Amino acid sequence: MALRMVALNRAADGRWFARKGIPEDVRGEYERLYGHKREAHLKLPADTSKHAAKAHLGEWLAEVETRIERIRAAAKGEGQPLTKLNALALAGRWYAWFIERHQSDPRTPTHWSTLKDHFIWQVLAPHAPDDHHEPHADPSWPWLNLPEVRASTAAQVREMALTASFLASEGIALTPDADALFVAAVSDNMSGAYDVLERRAWGDHSPDLTLETFPAYQDARQSGTGVGCWDLFGAYVEAVKPASGTVNRWRAVFKHLQDAFPQRSADSLTEVDARVWVGTLVTAKRSAVTVDAVWVASANIVFAWASKRKQIRVNPFAGVKIDVPRLPVLRETKAFKPEETKVILRAALGITNARDAFPRAKRWVMWLCAYSGARSGEITQLRGVDVTSRGSFYVMRLTPEAGDMKTSHARTVPIHEHLIEQGFVELVRSLGGGALFFNERPATEEVEDPLNPTRSPAVKTRGRLGAWVRDLGIDDPEVGPTHGWRHSFKQIAERVGISEKVSDAITGHAPPTEGRKYGAPTIEDMAEALKRFPRYGL
């Protein structure tokens, strides 16, 4: 949803304010629901910092835009009805959402108690009937359930409870009658939500038993019809065709999602569902870094893809984040240190068995990575046919025809003269045009499951090489056992004056700007630059 620009202004007394016009087609219903007809107003105290005021402006504007879209959806007949029991159940989901949204705010206990007092004494109490003030009046305030009181307080409840944002996060549009039932149920639970937030601000994170009192919400979209999470992943794989390594990393995510929501369609999952699920993922064996970089990221990518193609209405992971502790960084660079470089390359030089595939990989892959900055998986799948001459120098073609590549873009890289002197080209000629660093599998007629691809021999070889480097004593977890060569190559290239544009072309890094895509270096430019790349001295 694109937000229209609204100016943040400051009055002479320091207070912040902003105004947004209400479109004519929704004015009547907006006034009924929120108490404003032509403009929505944001007002902030004078002691609000500019940074905080801008943050409030963004949240407020998103809330107003969401209200407008909800009204339009209901006008088109897209709203769903609610029973009184289901309205209470939906209010339970709002209760969990509201507390989760605010409990990490750096607010004081007084902030939440003040909001509660305002809600009770400024929003509700002014609508009390005259007999409420008599000595023997019912202390439970039964008059709150009167239709005229519900109608008079609804706009302020919606404002304070952010009901439009909640319904948008759930992908729900309600009919006017259903919305009135829902807001009434929210109103009955506002004070309790503020109590919990006040306790959280005091540092009390004991379980909130109120959540157990809400009935289960029955969403018509949750009947089990529609595409499930696993099938949605299958549709993504079929359409996008990601690398097999990506499929293998992500399949555990969607298996877990399917197990967590076995009777639910992917379209029925809400932001609350996503947050609750993500909250269970960090374990002793699964770090927050992994959850953030693989689990949350993959779910967000696949559901966003489905949302753009209208296979689901809302991406429930769009706003889901996870706190990743900042780990101490003890290493100056992710490149290999000179002594680490010597250990690896000396060990490689000591391999004399050229007959068998894995010894050949140990002998040559690290050296090829060292002089090209290539990804180790791009080298382990190298074939004899990919090594050719180009005028006065030799090149190797790294291509997705040989196997998966991160970018899926082929590139041709000059081979450093030191590798030629060591006999790499002669080795290639002796082996022919096939795979250089693994034994090729015999052809089979079996159809591979696209959601469970077999790890290729090149990938297995890459993994074995990583383990071999670790066995050599290169065991610092802050440097990759094979990926460190990419950092080392870029570091040395910069040091000897090879331009970033040329080194990016050699290593296969994407240009950082649109302009840098123009005038790409030629293979001759790269070969000339590699002449300045120094030999590794052992």
Side-chain angles (χ1 to χ4, degrees), residues 230 232-255 290 293-295 297-302 305 357-358 360-362 364-366 368-370 372-388 395-413 415 428 431 433-469 480-487 489 504-511:
W230 179 252
L232 189 72
F233 178 52
Y236 172 84
V237 171
E238 181 179 1
V240 178
K241 294 180 171 52
S244 59
T246 300
V247 176
N248 279 322
R249 281 195 305 274
W250 291 8
R251 68 189 309 274
V253 176
F254 289 89
K255 281 287 189 184
T290 299
V294 178
W295 291 65
S298 61
N300 189 25
I301 289 170
V302 172
W305 169 84
F358 188 61
R360 284 200 304 271
K362 289 195 291 184
W364 290 105
V365 171
M366 296 297 98
L368 287 162
C369 289
S372 67
R375 300 173 182 89
S376 57
E378 296 172 335
I379 300 299
T380 57
Q381 64 191 24
L382 196 65
R383 305 167 299 180
V385 69
D386 299 321
V387 177
T388 58
V395 299
M396 55 182 176
R397 181 166 172 78
L398 308 178
T399 171
E401 292 176 337
D404 287 338
M405 290 181 65
K406 184 175 182 179
T407 63
S408 297
H409 288 171
R411 70 182 187 279
T412 302
V413 178
I415 298 174
V428 172
L431 294 173
L436 299 178
F437 303 121
F438 61 84
N439 296 317
E440 296 188 74
R441 294 179 297 195
T444 175
E445 295 183 359
E446 293 184 13
V447 178
E448 186 172 81
D449 180 359
L451 297 184
N452 188 21
T454 304
R455 292 174 71 237
S456 71
V459 170
K460 293 178 182 178
T461 298
R462 182 189 67 194
R464 292 178 67 189
L465 286 173
W468 173 65
V469 171
T482 59
H483 197 76
W485 291 117
R486 283 177 72 73
H487 294 274
F489 181 88
D504 282 347
I506 294 172
T507 57
H509 282 120

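Note that the structure is a prediction, hence the values are computed from the model and not measured. This chain uses plain numbering: 1 for the first residue, then up along the sequence.
Taking the side chain as every heavy atom from C-beta outward, Asn452 and Asn248 approach each other to under 4.5 Å. Using a 4.5 Å cut-off on side-chain heavy atoms (C-beta onward), Arg397 and Val387 make no contact. Trp250 has its side chain out of reach of Val237: every pair of non-hydrogen atoms, C-beta onward, lies at least 4.5 Å apart. A heavy-atom distance below 4.5 Å is not found between the side chains of Leu465 and Arg462. Between Lys241 and Ser408 the shortest side-chain heavy-atom distance does not fall below 4.5 Å.
A side-chain N or O of Ser376 and one of Thr482 form a donor-acceptor pair less than 3.5 Å apart.
For the atom pair Phe489 CZ and Cys369 SG, the distance stands at 11.0 Å (nearest 0.5 Å). Taken from CZ in Arg249 to OG in Ser298, the straight-line distance is 9.5 Å, to the nearest 0.5 Å. Rounding to the nearest 0.5 Å gives a distance of 7.5 Å between NE2 of His509 and NZ of Lys406. In this structure, CG in Leu368 is found 7.0 Å from CG in Leu382, a value given to the nearest 0.5 Å. Distance check, rounded to the nearest 0.5 Å: CD1 of Ile379 to CG of Leu398 gives 5.0 Å.
The side-chain contact (heavy atoms from CB on, under 4.5 Å) test applied to Glu440 returns Ala435, Phe438, not counting sequence neighbours. Every residue meeting the ring-ring contact (aromatic ring centres under 6.0 Å, His included) condition with Trp305, not counting sequence neighbours, appears here in chain and number order: Tyr236.
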Practice task
Step by step, work out the side-chain contact (heavy atoms from CB on, under 4.5 Å) result for Thr399 and His409.
Solution key: CA-CA 7 Å; Thr399 171; His409 288 171; over 6 Å; no
Practice task
Check the pair Val247, Phe233 against side-chain contact (heavy atoms from CB on, under 4.5 Å), reporting the backbone distance first and the verdict last.
Solution key: CA-CA 9 Å; Val247 176; Phe233 178 52; 4.2 Å; yes
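Closest approach of Arg251 to Trp230, counting heavy atoms only: O-CZ3, 3.5 Å. The minimum heavy-atom distance linking Ala357 with Asn439 is given by the pair CB-OD1, 3.7 Å. Residues Gly466 and Pro481 approach most closely at O-CB, 3.6 Å, considering heavy atoms. Of all heavy-atom pairs spanning Asp386 and Ala402, the tightest one is OD2-CB, 4.2 Å. Shortest non-hydrogen contact noted between Arg360 and Leu431 is NE-CD1, 3.5 Å. Of all non-hydrogen atoms in Leu451 and Pro453, the two that sit nearest each other are C-CD, 3.5 Å.
Taking the centre and axis of the six-membered ring of Phe358, the NZ or CZ atom of Arg464 falls inside the cone set by 45° and 6.0 Å.
Test His487, Arg375, Glu378, Arg486 against Thr507 for side chain to side chain contact (heavy atoms under 4.5 Å, CB included) and you get one pass: Arg486.
Here the side chain of Thr461 pairs a donor or acceptor atom with the backbone of Pro457 at under 3.5 angstrom.
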